[in-house]
Amino acid sequence: MAEAFLDPLPWLIVLPLAWASLAFLWGDGRGGRLAIAALAVQLALALILAAQVMAEGARVHAVGGWGAPLGIDLLADGLSVLMLLLTQAVALPLAVYARAYFSEVAQTHFWPLTGFLLAALNALFLSADLFNLYVTLELLSLAAVGLVALGGKPAQAAAALRYLLVSLTASGAYLMGVALIYGAYGTVSLAGLAPLIGPDPPLITRLAAGLMLAGLLAKTALFPFHFWLPPAHGGAAAPVSALLSALVVKASFYMVLRLALGPFAPLAELAALLLGVLGATAILWGSWRALTTHHIKMLVAWSTVAQLGYLFLIFPLLQPGGEALQAGVMQAVAHGLAKAAMFAAAGVLMLSTGRDTLEGLAGVAGRVPVTLFAFGLAGVTLMGLPPSGGFLAKWLLIEAALAQGQWPWVAVIIAGGLLAAAYVFKVLRQAFLLAPAAAHFHPVPRVMEWTAFLLAAASVLIGLRATEGVELLGVEVAP
Amino acid sequence: MNGPARLAVGGLAVALAGALAAAILDLPSAAVDLRGAVAMNLSASGVEHPVTAVLLNFRGYDTLLEIAVLLLALLGMLAVAKPESGGSPPAAADPMLRTLAGVAVPLMILAAGYLLWAGAHRPGGAFQAGAVLAAAAVLLHLAGRLPAWASPKRMLRLGLAGGFLVFLAVSAILLSEGALLRYPLEHAGALILLIEAGLTLSLGLILAGLFLVLAWHPASPSESAGEESKS
Amino acid sequence: MHARPDRSPLPRFSLSATLWRGGAFALIWWILAEGRADSWGIGAVTVALATTASLRLAPPGQGRVSFPGLLGFAAFFLVQSAWGGAQVAARAFRSRMDLAPALVDLPVTLPAGMARILLLNTLNLMPGTVSVELRGNRLCLHVLDHRLPVAEEVRQTEAHIARMLRVAA
Amino acid sequence: MTPLEALSALLLLAGAGFYLAGTVGLLRFPDVYARLHALTKADNLGLGLIALGLALQAENLAAGLKILLVWPLVLVASAAVSFAIARRAHELGIAPAGAASPVQPAGGVDQRGGP
Amino acid sequence: MNLAFDALLALALLWSAWRSLATPDLTRAVVMFIVFGLLMALAWARLDAPDIALAEAAIGAGLTGALLLDALGAFGKRRAGDKP
Amino acid sequence: MTGLEGYLALFLLLNLLVALIRAARGPTPADRMLAALLFGTTGVGVLLLMAHARETVAMPLVDTALVLALLAAITGVAFARRAWHAAGRDDDPA
């Protein structure tokens with residue numbers, strides 16, 4: 001009995017839900033310390049769970065003791081544990097950062113919203129049920145929209161509203177797909193569906209899969225559904241942008257991957273090429289827009305649009321046990337850490353200069369060197385230079401493409417890397433210019449600089465610990 | 001929307017409707033019979049009404065997260081509502097409305113209690129009871145007998161989050177039975193009633209809060225001017 | 001026609017009002033639960049809550065309701081409301097609609113508070129009248145046909161309410 | 001058909017008739033005030049008769065009373081809403097149709113036209 | 001007769017939904033939406049789903065209608081710029 | 001639904017839809033709203049008729065009618081107090 005009580009798996013969901021509602025209850029921004037302590041515990045829980053999964057294989061937790069299809073199953077396999085680790089690893093430094101970033105008043109709503117956001121992420125990564133995935137997705141989207149609107153400025157409200165509308169429409173499409181699947185098969189459990197969907201499924205299944213895919217792509221902001229992302233991510237407060245870009249868009253990507261590997265595997269091939277082409281377009285278009293914008297955070301946000309493209313390049317290359325899957329997960333993890341670092345750094349730069357344009361950066365290098373270094377390190381990951389996680393991801397992707405003779409993807413990957421280098425160096429060059437005489441810099445808490453640096457360093461160093469990750473990723477449910 | 005966009009959206013809708021119709025006409029017979037599974041396990045669920053059994057026992061975890069969604073919706077709206085908009089007292093109402101509230105609100109409380117009780121063996125339950133309670137709160141608000149909600153105080157926040165916290169605590173404590181939300185057979189009925197009672201109150205407050213925060217608009221002149229304010 | 005602000009924050013506790021209302025709510029609960037005995041656990045709590053809410057929202061007045069008065073009022077009300085419905089129906093179906101609508105102003109003799117509000121509401125359901133406004137002691141009514149004895153009807157209603165609530169008419 | 005059933009059917013039919021009267025009144029009466037009469041009187045009576053007719057056929061006392069309970073609830077609601085709307089219309093200066101010229105009301109009360 | 005009832009209900013649902021979306025007049029749109037909510041409650045009742053009919057009656061007919069009317073009031077006031 | 005009750009329910013539904021003409025015609029916002037309120041009372045009647053003679057869902061439908069009746073006042077009051085600001089006709093913004 002005590003053993004069940006100490007199981008890290010359910011606590012990864014219960015704990016953030018608990019501290020989120022307690023933070024709401026206490027109010028007045030007093031949730032920060034609680035959140036950081038709880039996040040430290042969550043990181044430890046995720047590590048314990050990873051160790052357990054590595055040692056004993058994938059774990060299933062039947063909520064309510066009923067088991068699928070009557071009840072809901074939670075599943076912790078290698079893929080979900082890796083995403084859980086990423087979530088806690090990004091959230092903890094960002095929580096420390098946010099406590100310094102926000103005023104006391106702004107924290108009143110930040111902590112509860114963040115708590116629910118993280119609970120939704122953890123629940124989503126652990127879910128093995130189509131309808132339960134919908135609920136977690138809904139929780140995630142609402143928390144994200146609330147966080148975008150947090151500042152209350154008209155531009156933020158407008159971005160949040162647009163995000164909300166896209167999000168609700170996308171959820172609706174996904175839900176309609178779930179309803180059709182339930183109508184066709186009588187169950188919504190992933191494990192239960194997998195054997196039921198054959199190689200040539202009926203029209204209803206194809207329609208359902210199409211609707212679900214469209215909804216998830218809109219949530220992931222894959223080109224051409226990316227239009228909502230730059231204003232939402234670029235306009236929100238820096239810690240919020242970091243959470244959204246690093247984690248939230250990954251959640252819907254994770255679902256696409258989970259469904260394509262799981263019950264909808266027979267249909268995945270049909271959409272693979274389309275997803276690859278959209279991904280490639282996203283890389284080129286997002287990088288180009290990042291290169292031509294004049295606002296720091298819009299640059300980082302457009303870079304997210306581009307980097308999300310890489311995630312979808314894996315679909316035309318996906319083969320059982322192949323390198324494409326490893327590349328995709330590595331890209332998700334490396335980009336998550338790097339983008340969190342980059343938004344955190346951008347927040348420091350903007351606080352320090354008091355401006356949000358690239359021109360305003362002149363001379364900032366001398367004031368916040370650690371931050372600039374963090375920005376550069378994160379840039380190394382985005383460009384895909386060794387030994388970073390980004391390098392490894394792109395390397396694996398190129399290898400897979402070459403192995404299958406699909407060389408056009410290679411050209412896109414290399415072009416994307418060059419464009420990323422261009423926009424990162426554009427920022428760095430501007431920062432090292434001499435400050436104009438009229439420039440005035442504000443002091444920034446040191447802890448914000450160092451958390452950004454920590455995240456950036458992790459995104460680079462993760463490349464050195466890739467073997468464990470690959471081994472963990474290999475853990476699947478015993479058939 | 002301009003013409004071509006309208007046409008495109010319309011075309012998309014028609015195509016989707018057509019595909020849906022075609023898909024549903026081609027509906028295969030479901031491989032899994034969940035209805036049967038629910039009926040078979042109903043006696044072990046602690047309640048007699050299958051819908052309540054699914055909502056609070058078999059798929060109670062979904063419901064837990066859905067309550068969080070509702071709480072979150074309110075939270076998001078509170079985050080957007082401007083803090084300075086909070087203090088204004090609600091409008092004073094005419095005696096007619098106050099009398100209506102005096103008669104209708106106790107009846108609504110009775111109805112909510114009844115729906116809560118009924119949920120165990122027939123349609124009803126926390127959602128419907130909460131909605132009725134919320135209506136009572138809205139009526140009280142229209143009658144000028146509720147304080148403004150733009151920045152809820154501690155007790156109110158406890159009411160808003162209480163139902164969710166009770167549900168979460170019960171779920172977590174039941175880990176001692178081996179899994180999240182695994183009710184022991186002999187206490188299932190009582191625990192579900194406890195959760196539902198908490199949810200009724202919280203859902204009522206949350207739904208009313210959604211109304212009150214959304215309905216709040218700055219300086220409603222017709223309400224505050226010209227009518228005496230309540231002391 | 002505005003309420004005076006509540007002078008006393010805590011209404012005087014009245015045992016008889018509490019018992020009467022509690023009893024009424026318990027009866028309603030019994031009807032709602034269709035007489036099932038196992039409902040009384042939640043029922044007791046709910047009835048208590050409803051009674052509390054009722055006492056808070058509508059503090060008990062001075063006197064208590066006269067039971068024969070209540071019966072008389074109910075009978076009067078039922079007959080009148082049936083008559084009112086019939087009258088409207090007759091006018092709606094007549095091929096040449098014979099309406100003579102008007103706003104009329106009448107003095108009210110009932111004391112302010114519950115009694116007047118009851119009057120306003122009752123008149124809405126009575127033949128030919130809809131209350132529009134109460135300003136001071138003047139009641140403004142909309143009548144479908146001013147040739148009907150409206151004033152007489154209002155006086156009768158007032159008398160019934162006065163008898164039921166034991167107030168001066 | 002037992003007498004009770006016949007009575008019940010009669011009540012139901014009468015109730016439906018009053019509903020029809022309410023709708024006809026809503027469509028034919030000249031202004032908001034007059035239409036309020038149609039709504040508050042005819043429809044409520046229709047509902048009352050239907051509830052009574054159905055309650056007569058109910059299986060037990062409590063079930064019948066429950067059906068009847070609906071009626072007073074609707075009465076209270078309609079009376080309050082009717083007053084709220086009429087008052088608002090009056091406040092907004094909407095004059096009742098046909099009341100512009102002074103007429104002598106029965107019962108010798110003073111009367112007024114539009115506001 | 002049941003078929004007539006259902007067909008009429010379905011048509012009325014579609015029509016009220018369309019009117020509430022298509023009409024340019026906001027008051028009419030809100031009224032049609034309230035009507036739609038009530039018809040929906042009837043439809044759920046007809047489909048033997050009283051659970052949902054109950055929820056629809058409470059939320060659709062009671063709360064949402066009041067909420068939309070409230071928003072309408074705020075909007076109309078702002079647009080007309082009048083302070084009655 | 002069978003017998004007299006069924007026909008009456010159909011009749012009331014028709015009645016409802018005819019009343020929508022008032023919602024379309026106006027002229028004041030209140031006139032449109034009256035149609036919605038008529039839907040409330042008539043909807044209660046239809047629900048009661050539908051509840052009749054259906055073993056399993058009879059009382060739940062009566063409950064639904066009760067809830068509808070209990071909440072009917074709210075929209076009307078919200079309309080009169082909050083929504084209706086200008087004594088306009090037809091396409092007035094209020």
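So that the names make sense, note that chain A is the first sequence line, chain B the second, and so on, each numbered from 1.
- Heavy-atom pairs under 4.5 Å with chain F peak, among D:Val81, D:Val76, D:Asn44, at D:Val81.
- For the set F:Leu71, F:Leu68, F:Val62, the count of heavy-atom pairs under 4.5 angstrom toward chain D peaks at F:Val62.
- When heavy atoms are compared at a cutoff of 4.5 Å, D:Leu47 approaches chain F solely by way of its side chain, counted from C-beta outward.
- Side-chain N or O atoms of F:Asp31 include one that pairs as donor or acceptor with a backbone N or O of F:Thr28 at under 3.5 Å.
- Per-residue counts of heavy-atom pairs under 4.5 Å with chain D were compared for F:Val18, F:Thr41, F:Ile21; the largest is that of F:Thr41.
- Using a 4.5 Å heavy-atom threshold, the side chains of D:Leu13 and F:Leu4 count as touching.
- Residue F:Leu48 touches chain D through both its backbone and its side chain, counting heavy-atom pairs closer than 4.5 Å.
- Counting only distance, with no hydrogens or angles, the side chain of D:Arg35 and the backbone of D:Pro30 share a donor-acceptor pair below 3.5 Å.
- Counting heavy-atom pairs under 4.5 Å between each of F:Thr42, F:Leu70, F:Val44, F:Thr75 and chain D puts F:Thr42 at the top.
- Ranking D:Leu39, D:Val74, D:Ile50 against chain F, the residue ahead of the rest is D:Leu39, based on heavy-atom pairs under 4.5 Å.
- None of D:Leu69, D:Leu61, D:Ile67 except one satisfies the side chain to side chain contact (heavy atoms under 4.5 Å, CB included) rule with D:Leu65; the exception is D:Leu61.
- Contact tally against chain F (heavy-atom pairs below 4.5 Å) for D:Val24, D:Asp31, D:Asp43: the top residue is D:Asp43.
- Residue F:Leu8 touches chain D through its side chain alone, counting heavy-atom pairs closer than 4.5 Å.
- Only the backbone of D:Phe29 comes within less than 4.5 Å of a heavy atom in chain F; its side chain stays farther off.
- Taking CD1 of D:Ile85 as the reference point, atom CG of F:Leu34 lies at 5.5 Å (rounded to 0.5 Å).
- The main-chain N or O of D:Leu27 is found under 3.5 Å from a side-chain atom of F:Arg22 such that the two form a donor-acceptor pair.
- Put simply, the side chain of D:Leu56 does not reach to within 4.5 Å of the side chain of D:Glu5, judged on heavy atoms.
- With hydrogens and angles disregarded, no donor-acceptor distance shorter than 3.5 Å links the side chain of D:Trp71 to the backbone of D:Leu49.
- Contact of D:Ala80 with chain F is not made at all, since no heavy-atom distance falls under 4.5 Å.
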